[in-house]
Amino acid sequence: QLQASGGGLVQAGGSLRLSCAAAGRTFSRYVMGMGWFRQAPGKEREFVAAINWSGISSNYADSVKARFTISRDNLENTVSLQMNSLKPEDTAVYYCAARRDGSNRALFVPSEMEFWGKGTQVTVSS
């Protein structure tokens, strides 16, 4: 089970920090690549950022590079997304997702993810 939190309403230029807590037997048993995706109204779900199981590799969508930072705490089974310099175009529902993956890979498409959390709304006002 993945539980995302931290969304909200923020003005352009502001910051938010999303967190995703992983719980359950599967997440204790397997190492996971983790990612954040987002979906704006009328658009397809898109990749935002991902991190491999150990935290050694991460990747970002071009639209968020240098503004967003993904991190994970394997002791706490959490993954976070620090979002700075937010723009109105960042407005979307943000989803945390995971897949069983013991590689250094940190770039995923939505169809590859095995587990999804419920989304959290991020709204950036201009």
Side-chain angles (χ1 to χ4, degrees):
Q1 181 181 1
L2 296 172
Q3 182 66 49
S5 61
L9 173 64
V10 64
Q11 287 189 333
S15 298
L16 282 173
R17 185 176 179 87
L18 304 183
S19 293
C20 177
R25 193 172 180 180
T26 301
F27 294 96
S28 299
R29 191 171 181 180
Y30 298 97
V31 292
M32 301 275 182
M34 304 287 294
W36 288 95
F37 298 79
R38 67 187 182 186
Q39 189 166 17
K43 294 188 177 181
E44 293 187 355
R45 194 168 297 188
E46 65 176 4
F47 170 79
V48 175
I51 190 166
N52 84 308
W53 71 274
S54 67
I56 199 171
S57 301
S58 60
N59 271 305
Y60 300 89
D62 288 344
S63 59
V64 307
K65 276 181 183 175
R67 299 190 297 121
F68 291 10
T69 303
I70 190 170
S71 60
R72 67 187 297 161
D73 183 336
N74 285 342
L75 292 178
E76 297 291 332
N77 271 350
T78 59
V79 62
S80 298
L81 186 69
Q82 177 66 41
M83 305 186 295
N84 298 328
S85 303
L86 283 161
K87 303 176 181 180
E89 51 263 44
D90 294 318
T91 296
V93 178
Y94 283 70
Y95 297 90
C96 173
R99 60 172 276 121
R100 286 169 286 186
D101 193 321
S103 73
N104 288 338
R105 188 176 169 215
L107 183 62
F108 309 115
V109 296
S111 60
E112 295 181 292
M113 307 311 284
E114 296 181 83
F115 309 100
W116 290 88
K118 292 182 181 180
T120 184
Q121 176 71 45
V122 172
T123 303
V124 184
S125 64
S126 58

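Side-chain atoms are counted along with the backbone in the values below, which use heavy atoms only and exclude waters and symmetry mates.
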Over 12 non-hydrogen atoms of neighbours within 6.0 angstrom of CD in Gln3: no

- prompt: Looking only at heavy atoms, which two atoms of Gln39 and Lys43 are closest? And how far apart?
  reply: NE2-O, 3.1 Å

message: Quick check against the 3.5 Å criterion: does Thr123 have a side-chain atom that pairs as donor or acceptor with the backbone of Thr91?
response: no

message: Please determine whether the number of non-hydrogen atoms from other residues, nucleotides or ligands lying under 6.0 Å from atom CD of Glu76 exceeds 12.
response: no

Same cluster (ILVMFWY, side-chain, under 4.5 Å), Leu18 and Phe108: no

- request: Kindly determine whether Asp62 and Lys65 satisfy salt bridge (charged side-chain N to carboxylate O under 4.0 Å, His left out), including the steps that lead there.
  value: CA-CA 5 Å; Asp62 288 344; Lys65 276 181 183 175; 3.2 Å; yes

task: Look at the side chain of Ser126 and the backbone N and O of Pro88, then say whether any donor-acceptor pair between them is shorter than 3.5 Å.
output: no

- prompt: How far does CE of Met83 sit from OH of Tyr94, to the nearest 0.5 angstrom?
  reply: 5.5 Å

message: Test of understanding: clusters of I, L, V, M, F, W, Y form through side-chain heavy atoms closer than 4.5 Å, transitively. Do Ile51 and Val64 belong to the same one?
response: yes

- line: SG of Cys20 to CG of Asn77, rounded to nearest 0.5 Å, is 10.0 Å

field: Interatomic distance, Gln82 atom CD to Ile70 atom CD1 [nearest 0.5 angstrom]
entry: 12.0 Å

field: Under 3.5 Å: donor-acceptor pair, side chain of Glu114, backbone of Arg100
entry: yes

query: If you look at every heavy atom in Gly33 and Met113, which pair is closest and at what distance?
result: O-CE, 4.1 Å

- prompt: Would you say Asn52's side chain and Ser57's backbone share a donor-acceptor pair under 3.5 angstrom?
  reply: yes

message: Whether the side chain of Arg38 engages the backbone of Ala40 through a donor-acceptor N/O pair (distance < 3.5 Å, no angle test) should be reported.
response: no

message: Under a 3.5 Å distance rule, please check whether Arg67 uses its side chain to pair with a backbone N or O of Ser85 as donor and acceptor.
response: yes

- request: Given side-chain contact (heavy atoms from CB on, under 4.5 Å), test Trp116 with Cys96 step by step and report yes or no.
  value: CA-CA 6 Å; Trp116 290 88; Cys96 173; over 6 Å; no

- prompt: Where is the tightest heavy-atom contact between Ala23 and Phe27, given as atom of each residue plus distance?
  reply: O-CD1, 3.4 Å

message: Would a single hydrophobic cluster contain both Val48 and Phe115, if residues Ile, Leu, Val, Met, Phe, Trp and Tyr are joined by side-chain heavy-atom contacts under 4.5 Å?
response: yes

message: To the nearest 0.5 Å, what is the distance between CZ on Arg17 and CG on Asn84?
response: 9.5 Å

- request: Locate the shortest heavy-atom distance separating Leu9 from Ser125; write the atom from each residue and the value.
  value: CD1-CB, 4.4 Å

message: I'd like to know whether Leu2 forms a side-chain contact (heavy atoms from CB on, under 4.5 Å) with Tyr95, so could you lay out the CA-CA distance, the side-chain angles of the two residues, the decisive distance to 0.1 Å, and finally the verdict.
response: CA-CA 9 Å; Leu2 296 172; Tyr95 297 90; over 6 Å; no

statement: Separation between OH (Tyr30) and CG (Asp101), nearest 0.5 Å, reads 13.5 Å

task: Compare all side-chain heavy atoms of Arg72 with those of Asn74 and state whether any distance is below 4.5 angstrom.
output: yes

query: Between Phe37 and Phe47, what is the ring plane arrangement, given parallel below 30°, perpendicular above 60°, and tilted in between?
result: perpendicular

field: Point-to-point distance, once rounded to the nearest 0.5 Å, from CG of Leu81 to CZ of Phe68
entry: 6.0 Å

query: Any sub-3.5 Å donor-acceptor pair from Trp53's side-chain atoms to Gly102's backbone N or O?
result: yes

